[in-house]
Amino acid sequence: MSKKVTQSNKTYQIRPSFKDKFRPAEAKEKIEKILREKLKNAQYSSSELPQWTREIADQTKSELKALGKDKRYKYLVQVIIGHNSGQGVRVGSRCFWDEDTDDCTYVTYMNDSIFCLVVAFAVYLY
Amino acid sequence: MEDQGNEEDISFPSEDVERCVQDSVEQVLATAQWDEKMVPQWINDICEKAMKQLTELGRPYKFVVTCMLMQKTQQSGAQTVLSCSWENQTDGYYQIIYPPQRAKDSAQKTIQCIATVFCVRF
């Protein structure tokens, strides 16, 4: 009589594999494309602005998920659109995360009447 | 063996986060007038102060703090939208607009600040 012995190796994934790691450059290209399509020749209009920002944010988030990186990534997207009327604007950010797995990218777009900033963060869940 | 600490840590710590961000923004901007050269310094101060307090909370969270400072003029207007793919129960964000919309007699008449903190559990 033989006893069946099964050995299981418990492996917990605590890092994305190299090919599934979030690459800021790829994401930046996709976001630039979205902005070019949506905001080409756009003029500031306070009624349409909320809708544009929402669409850009949702589309960016879907594109990031469609990049096919490791499924354990969480994505955070912030879109700021404002009136380009010569006022001063500055945006800064600080992140407390794991340098090895997490990253961010940003894209700015400006024309005569609006400025737009999209910041995307990808954070890994262990 | 008893796990006593685990149950308290599951929900998103919204009040603590609120307090950290509000304190740092008010400290830096309470008496400030728009000055192009000081703006980078203010953004650094706000983000770093907030981050320091957030990390001292000792929660198993990763934090991302963004701060936007805009000069208030007759025509300046801006819209900000967040879109996040995360876990609703454990992750969240807090956004502060300073000065608050309803405070008509606020001392801060030249600077508009929007600070956002994302908290992602790991």
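Each chain gets a letter, A, B and so on, in the order the sequences are listed, and its residues count up from 1.
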Hydrophobic cluster membership, with links at side-chain heavy-atom distances under 4.5 Å among I/L/V/M/F/W/Y: are [X] and [Y] in one?
X	Y	result
A:M110	A:I114	no
B:F118	A:Y75	no
B:I46	B:Y98	yes
B:I96	B:V117	yes
A:V79	B:V65	no

What residue, out of [options], has the most heavy-atom pairs lying under 4.5 Å from chain A?
options	answer
B:V39, B:I111, B:T55	B:T55
B:I114, B:N44, B:D91, B:L69	B:L69
B:Q79, B:E36, B:E48, B:K72	B:Q79
B:G77, B:A78, B:A50, B:A115	B:G77

Under 4.5 Å, counting heavy-atom pairs only, tell me which of [options] racks up the most with chain B.
options	value
A:F96, A:Y124, A:Y44, A:F115	A:F96
A:P50, A:G86, A:G82, A:S46	A:P50
A:D102, A:V119, A:I56	A:D102

To check you understand the geometry: which heavy-atom pair defines the closest contact between [X] and [Y], and what is its length?
X	Y	answer
B:T73	A:S85	OG1-OG, 4.1 Å
A:Q78	B:Q95	NE2-NE2, 4.2 Å
B:C47	A:G92	SG-O, 4.1 Å
B:R121	A:K74	O-NZ, 3.4 Å

key: Listed partners of A:E32 passing side-chain hydrogen bond (donor to acceptor under 3.5 Å, both in side chains), at least two apart   =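 Listed in chain order: nothing, the list is empty.
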ask   = Partners of A:N84 by side-chain hydrogen bond (donor to acceptor under 3.5 Å, both in side chains), sequence neighbours excluded?
value =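 Per chain and number, A:N84 pairs via side-chain hydrogen bond (donor to acceptor under 3.5 Å, both in side chains) with no residue.
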Distance in Å, [X] [atom1] paired with [Y] [atom2], rounded so as to fall on 0.5 Å steps:
X	Y	atom1	atom2	answer
B:S85	A:K61	OG	NZ	6.0 Å
A:R90	B:Q41	CZ	CD	10.5 Å
A:I80	B:T116	CD1	OG1	7.0 Å
B:M51	A:S93	CE	OG	8.5 Å
A:L117	B:M68	CG	CE	9.0 Å
A:R54	B:L82	CZ	CG	12.0 Å

ask   = According to the interplanar angle, ranging from 0 to 90°, do the rings of A:Y126 and B:F122 count as parallel (below 30°), tilted (30 to 60°) or perpendicular (above 60°)?
value =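 Perpendicular: the ring planes of A:Y126 and B:F122 meet at over 60°.
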So does [X] have more than 12 non-hydrogen atoms from other groups sitting under 6.0 Å from [atom1]?
X	atom1	result
A:E29	CD	no
A:K30	NZ	no
A:E99	CD	no
A:E37	CD	yes
A:D112	CG	no

request  = Check the pair B:Q71 / A:V89 against side chain to side chain contact (heavy atoms under 4.5 Å, CB included), numbers first and verdict last.
outcome  = CA-CA 6 Å; B:Q71 189 179 16; A:V89 183; over 6 Å; no
query = Under a 4.5 Å heavy-atom cut-off, does chain B meet the side chain of A:T101, its backbone, both or neither?
reply =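 For A:T101, side-chain heavy atoms alone lie under 4.5 Å from chain B.
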query = Can you say whether B:W42 sits under 4.5 Å from chain A via the side chain, the backbone, both, or neither, judging by heavy atoms?
reply =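 Contact with chain A involves no heavy atom of B:W42 at all.
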Under 4.5 Å from a heavy atom of chain A, the part of B:F63 involved =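 The answer is both parts of B:F63.
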message = So that I can tick it off, tell me whether A:D98 and B:K62 are bridged by a salt bridge, with the cut-off set at under 4.0 angstrom between side-chain N and carboxylate O.
response = no
inquiry  = Between A:Y106 and B:T66, does the side chain to side chain contact (heavy atoms under 4.5 Å, CB included) criterion hold? Intermediate values first, please.
reply    = CA-CA 12 Å; A:Y106 71 92; B:T66 37; over 6 Å; no
inquiry  = One pair to check against side chain to side chain contact (heavy atoms under 4.5 Å, CB included): B:V120 and A:L76. What are the steps and the verdict?
reply    = CA-CA 9 Å; B:V120 179; A:L76 315 170; 4.0 Å; yes
